[in-house]
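This one's a predicted model, so the numbers in the text were calculated from it and none came from an experiment. Positions are given from 1, in the same order as the sequence printed here.
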Amino acid sequence: MLYPPPSLLALLPGRWRQSAPDVLNWLLEIPMPMRPCRVEISTRALEHNFRFLQSLAAPDAELLAIVKADAYGHSLKLCAPAAVCAGARWLGVTSVEEGVAARGVGFGPETRILVIAGVFPGQAAAAIADNLTVVAWEPWHLDELQAAARAAGAHPGSVPIHLEIDTGMSRQGATPEALAGLFTRFAPASPLRLEGVMTHLFAADEADGQVTAEQLARLDQTLSRIAAAGLFAEWLNVGNSAALLAGQARTIAELAATHGMKALLRPGLALYGLVPRFDPGFETEPAPLQAARAALQPVLSWKSQIVSVRSVPAGTVVGYNGTFVATEPMRLALVAAGYGDGLDRALGNRFSLLVRGQRAPLVGRISMDQAVLDVTEIPGVQAADEVVLIGAQGAETITAFDQADAVATIPWEIFTRIAARVERIAI
Ligand SMILES: *Cc1c(COP(=O)(O)O)cnc(C)c1O
């Protein structure tokens, strides 16, 4: 926004005065410069990652690109089209509202959108209207979906459903006891069709694969029960990034094949260029994991700028409550990023950001909108210098894992709490 000087505005008649800044901006098409705290998204890296992961899964399994939580904070609007462009036929979101947003990006019904955390009361009609495919496991999910499908005039078997099975995580999914009661909802006259059977592997990052093997064994039994009830599902919808990189695509596809199904895996983190950690590590890494380390490219960089630099004498206290005291004459740089942008407050006094290709320690408490860096050892730092919070600068790199390790969390959380006010820009 351009602001003409008040003295100039005073010359204009009253009703022009208000719209003058808008008119000026419209005429000159000058966007207001943004506060320099932004996320850059490499859609090319995302496309590359999807193709690479699909090559790992092929020919056994197809991939669903997980774009829930605004594409792990990377921007649904930027990332979903990149995934589809790279060949994704399926997108995975958390909720009906995220699904509606994904549809709103402009995908036709040929792009399947899976709502992985079910419907909430009253949402079924919107899900059906936007051709969202719902993961369901509660009887009332299926009742609401059935009623909404009938109300929309859906033909028998025309609304595909993915039925989630709890194979051990105890989070969501039908228990073995509840299963039989759900089968009737897919009777031939029902508008609902069992298209997929889904489960979530909750320890796919454990290298010995023991828990996963037990979950798949339970799933196998459940699939037999589903077949015995005279039902058939096309897709076996199982496996996250860790499962894919641990080489489970083949195992899942073989299980699918024994029941006449096709395998659908659901990578998230790997799509955004990070290799999940395995605990404990493998003695010999599976081939897909080795290949992923070399091939995956980080999609997100988080950048800000130096606002100002000041020299302070020894003894100067820095930030709220003076938790940092200068031990010698120092140079301090203010950076335009704070916990209100998603920079964890606990990183203050224990993490460094990149300036001029070097690590500059965060000193004092991180404020809501600002933080202070010690740049004493980095010559030449000045206002408008780029600061990297996640990403590469010169020979140095900060990953989401680095930030996560410093505050005892996981990169998924680091990504998803980058605040909405931080603009996402495609590069
Ligand atoms: C988020 C999620 C995934 C993706 O997990 P990653 O570990 O990021 O690959 C897969 N399946 C379900 C059900 C999820 O909720």
Side-chain angles (χ1 to χ4, degrees), residues 1-12 16-46 70-71 73-79 81-82 105 298-310 319 331-345 347 352-358 360 362 364 366-375 378-394 396 398 400 403 414-427:
M1 196 74 183
L2 268 183
Y3 293 95
S7 53
L8 189 71
L9 287 179
L11 299 175
L12 296 171
W16 288 21
R17 228 170 273 160
Q18 292 218 321
S19 53
D22 292 337
V23 172
L24 207 62
N25 280 284
W26 178 74
L27 283 174
L28 299 176
E29 283 185 28
I30 301 173
M32 184 190 73
M34 301 288 291
R35 172 174 174 261
C37 182
R38 59 172 204 268
V39 154
E40 295 176 355
I41 297 299
S42 169
T43 51
R44 236 193 353 203
L46 192 134
D70 203 27
H74 288 55
S75 166
L76 173 78
K77 243 178 18 211
L78 300 180
C79 294
V105 172
V299 170
L300 176 146
S301 305
W302 185 6
K303 296 179 177 174
S304 184
Q305 279 183 13
I306 299 294
V307 178
S308 59
V309 183
R310 66 182 62 196
R331 276 167 59 77
L332 303 178
L334 183 65
V335 52
Y339 64 79
D341 301 297
L343 186 66
D344 195 306
R345 191 166 166 278
L347 291 170
S352 297
L353 306 181
L354 304 180
V355 187
R356 298 202 165 221
Q358 295 187 54
L362 284 158
I366 290 172
S367 301
M368 187 183 290
D369 313 305
Q370 296 171 311
V372 176
L373 299 172
D374 171 9
V375 294
I378 310 175
V381 175
Q382 59 188 40
D385 277 0
E386 179 190 82
V387 177
V388 169
L389 292 81
I390 294 178
Q393 194 187 54
E396 293 281 348
I398 295 173
Q403 278 203 15
I414 296 293
F415 282 146
T416 51
R417 68 187 178 190
I418 299 176
R421 77 175 183 186
V422 178
E423 196 187 7
R424 273 70 167 169
I425 297 164
I427 55 161

Practice item. Please check if the side chain of R331 supplies one atom and the backbone of V381 the other of a donor-acceptor pair under 3.5 Å. Key: yes

Point to revise | Straight-line distance of L334 CG to Q305 CD, nearest 0.5 Å | key: 12.0 Å

**Study point:** Over 12 non-hydrogen atoms of neighbours within 6.0 angstrom of CZ in R44
**Key:** no

Review point. Which atoms form the tightest heavy-atom contact between V355 and A360, and what is the distance?
Key: CG2-CB, 4.0 Å

**Study point:** Least distance between heavy atoms, A371 atom then L362 atom
**Key:** CB-CD2, 3.7 Å

Practice item. Quick one: do L300 and I418 satisfy side-chain contact (heavy atoms from CB on, under 4.5 Å)? Show the steps, please. Key: CA-CA 11 Å; L300 176 146; I418 299 176; 4.1 Å; yes

Check your understanding: For the side chain of R356 and the backbone of I378, is there at least one donor-acceptor N/O pair under 3.5 Å apart?
Key -> no

Review point. When you measure from the side chain of Q393 to the backbone N and O of E386, does any donor-acceptor pair fall under 3.5 Å?
Key: yes

Review point. Side-chain contact, heavy-atom cut-off 4.5 Å: Q358 with P379?
Key: yes

Study note, to complete from the structure: Taking every heavy atom of S42 against every heavy atom of A45, the minimum-distance pair comes out as OG-N, 3.0 Å

**Study point:** Side chain Q403, main chain L347, donor-acceptor under 3.5 Å
**Key:** no

Exercise for review: Apply the test side-chain contact (heavy atoms from CB on, under 4.5 Å) to residues I41 and C79: give CA-CA distance (whole Å), side-chain angles for both, the deciding distance (0.1 Å), then the verdict.
Suggested key: CA-CA 8 Å; I41 297 299; C79 294; 4.0 Å; yes

Review point. Looking only at heavy atoms, what is the nearest atom pair of A383 and V309, with distance?
Key: N-CG2, 4.3 Å

Practice item. Measure from the side-chain N and O atoms of Q370 to the backbone N and O of V335, and report whether any donor-acceptor pair falls under 3.5 Å. Key: no

Study note, to complete from the structure: When rounded to the nearest 0.5 Å, the distance separating CD of E40 from CD of E423 is 10.5 Å

Check your understanding: After noting the C-alpha distance and the side-chain angles of L373 and I306, does the key distance pass the side-chain contact (heavy atoms from CB on, under 4.5 Å) rule?
Key -> CA-CA 9 Å; L373 299 172; I306 299 294; 4.2 Å; yes

Check your understanding: Quick one: CZ on R345 to CD1 on I366, what's the gap to the nearest 0.5 Å?
Key -> 9.0 Å

Study note, to complete from the structure: Shortest non-hydrogen pair, A337 vs C37, comes out as CB-SG, 4.0 Å

Review point. Tell me, do L343 and W302 make a side-chain contact under 4.5 Å, heavy atoms counted?
Key: yes

Point to revise | Candidate pair R35 and D369, rule side-chain contact (heavy atoms from CB on, under 4.5 Å), full reasoning | key: CA-CA 11 Å; R35 172 174 174 261; D369 313 305; 4.0 Å; yes

Revision key, fill the gap. So CG of L389 and CD1 of I398: to nearest 0.5 Å the spacing works out to 7.0 Å

Check your understanding: So, for L78 and A426, which heavy atoms are closest and what is the spacing to 0.1 Å?
Key -> CD1-N, 3.7 Å

Practice item. Calculate, to the nearest 0.5 Å, the distance between atoms CD1 and OG belonging to I390 and S301 respectively. Key: 8.5 Å

Check your understanding: Would you call V105 and P81 a side-chain contact if the rule is heavy atoms closer than 4.5 Å?
Key -> yes

**Study point:** Donor-acceptor pair, side chain of S304 and main chain of V387, under 3.5 angstrom
**Key:** no

Review point. Do side-chain atoms of R424 reach the backbone of G73 as a donor and acceptor pair under 3.5 angstrom?
Key: yes

